[in-house]
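Computed over heavy atoms, backbone and side chain alike; hydrogens, waters and symmetry mates excluded. Quick caveat: nothing in here was measured; it's all calculated off a predicted structure. Below, chains carry the letters A, B, ... as their sequence lines are ordered, and counting in each starts from 1.
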Number of protein chains: 2
Amino acid sequence: MSETLPRPTKPLPAEAAAHDRLYRILRQQILVGEMLPGQALTLRGLGKQFGLSMTPVREALRRLVAEGALTLSSSGRVATPELTNERIEELAALRALIEPELASRALPRAHLALIDRLATINTANAEAVAKADAVSFIRTNLEFHRTLYLRAQAPAMLAVLETVWLQLGPTMRALYDKVPRNEPPRHHRLILAALRAGDEPGLRLAVRTDVTQGLRHLAG
Amino acid sequence: MSETLPRPTKPLPAEAAAHDRLYRILRQQILVGEMLPGQALTLRGLGKQFGLSMTPVREALRRLVAEGALTLSSSGRVATPELTNERIEELAALRALIEPELASRALPRAHLALIDRLATINTANAEAVAKADAVSFIRTNLEFHRTLYLRAQAPAMLAVLETVWLQLGPTMRALYDKVPRNEPPRHHRLILAALRAGDEPGLRLAVRTDVTQGLRHLAG
DNA sequence: CATGCGCCTTTGTGATCACAAACGCGGCAC
DNA sequence: GTGCCGCGTTTGTGATCACAAAGGCGCATG
């Protein structure tokens, strides 16, 4: 055998692992609704698109499948999920269970600086509504919730919740296209008011209605 | 180019994909506490153990990592997680949120045949207690809960819950070893009674206390 | 005897390849 | 004109290899 004639590996001093970078890119796209339900993804296609071989692409896709962000057909094909109404209702119920709990845990730690940050994000959210920008709307909406829940100091609960968000991603976009928002986020203001007042039951209720309100149109 | 001189691939007419079989084996071992917290797993080690190359082993491990069943060190090493008390408390809170909801949804569909099946599983669970068999105890305990929740017809919620169970797996075993059960599952009988009576608030309470009771000793 | 340095081994990452199954498209028969 | 069969192409799966980095162990040194 010849010793070392093939030297295929490029050094490529990227800062992080390739499969992890691709994972983050795809995850973000799915989360904010940049991918439509039913869209197919192929290993070689994504590999060519990002200059990677099949191996890291497969890892990124299988990770997203494991988190429920993508579905795996019987023959191994990967695609964004097309959710049934029943599944949407389940995921909405999970949000309605988990998010008030996280908000409640964040409440004692919610300083004024945090509330100001939330108000700022809410302004950006209202701008996305005005511009009818679905992706910006979804992104700022999730950022509002995540910023609040980060204060709960409950990383395991937040991680579980984010997988629920991920599963709803492609459908949230479809929801927005079907029922375009003509109102700024009314419930977000209720959440901010409850935070300022230190009103725990009011906060739980405001979060819960904010979550269920948005998804009622689609699942109902 | 020579045409086909290397023929490394074995036909191996196994019924399912190799990475998926390995995934199920490891998942079950983690779920019932057959692996202790902090145990390291290597790609080549598992590959040699199961007669596989690194590729399918990597997929199985990364899937379990994505589900939170295993942890990934900064250098890519995979091991069973050593949970902190805070993390255990969070996961217990998630169980206390999700499981009463699933039980409540199962209640209208809980026929007598189901209750009988649950009672049978409960008997096996009591036998595991008598024999001080930690793995059998955990397995039958989870089987009791899963059998009930399957009737809720809520696969997405059940899938999320199972990832929570998975994360608690290695620790539940440690819990059992620390506080060996000397009593048969008292709360399971309360659950069965509430099911028979069609008592929805009682069922929610019984499930919630069953969940929190078992994990209080460790996290407290 | 304790401590730090360096080498060898172990381990994860990514690329490439052979293979089988699924998919799709075109032609052929009725 | 319509339906079906077959072959080429696409796609996922698993094996193997080269490489880099992390870990561990022993040896030399203070």
(message) So, using salt bridge (Lys or Arg N to Asp or Glu O under 4.0 Å) as the criterion, who are the partners of B/Arg58 when residues are at least two apart?
(response) A/Glu59
(message) Going by side chain to side chain donor-acceptor pair (under 3.5 Å), name the pairs with one or both residues in residues 160-170 of chain A, residues two or more places apart or in two chains.
(response) A/Arg27-A/Glu162, A/Glu99-A/Trp165, A/Arg146-A/Glu162
(request) By nearest nucleotide on DNA chain C, pick out whichever of A/Ser53 and A/Ser74 is the more 5' one. (result) A/Ser53
(request) Quick one: list whatever passes salt bridge (Lys or Arg N to Asp or Glu O under 4.0 Å) with B/Arg63, sequence neighbours left out. (result) B/Asp20, B/Glu67
Write down the protein N/O and nucleotide N/O pairs, taken from nucleotides 10-13 of chain C, whose separation is under 3.5 Å; answer none if there are no such pairs.
unit_1 : atom_1 : unit_2  : atom_2 : d
C/dG12 : OP2    : B/Leu43 : N      : 3.0
C/dG12 : N7     : B/Arg44 : NH1    : 2.8
C/dG12 : O6     : B/Arg44 : NH2    : 3.0
C/dT13 : OP1    : B/Arg62 : NH1    : 3.3
C/dT13 : OP2    : B/Arg62 : NH1    : 2.9

(message) Using the salt bridge (Lys or Arg N to Asp or Glu O under 4.0 Å) criterion, which residues pair with B/Arg173? Sequence neighbours excluded.
(response) B/Asp177
Donor-acceptor contacts, no H, no angles, side chain residues 32-53 of chain B, under 3.5 Å, sequence neighbours left out:
unit_1  : atom_1 : unit_2  : atom_2 : d
B/Gln39 : OE1    : B/Leu36 : N      : 3.3
B/Thr42 : OG1    : B/Gly45 : N      : 3.1
B/Ser53 : OG     : B/Thr55 : N      : 3.4

(message) So if I take the C1' atoms of five pairs at each end of the helix from C/dC1-D/dG30 to C/dC30-D/dG1 and get each local axis, what angle do the two axes make, rounded to 10 degrees?
(response) 10°
(message) Given 3.5 Å as the limit, does a donor-acceptor pair link the side chain of A/Thr147 with the main chain of A/Glu143, or not?
(response) yes
(request) Under the side chain to side chain donor-acceptor pair (under 3.5 Å) rule, collect the residues that match up with B/Asn125, sequence neighbours excluded. (result) B/Thr140
(request) Could you tell me which residues satisfy ring-ring contact (aromatic ring centres under 6.0 Å, His included) with B/Tyr176, sequence neighbours excluded, listed by chain and number? (result) B/Phe137
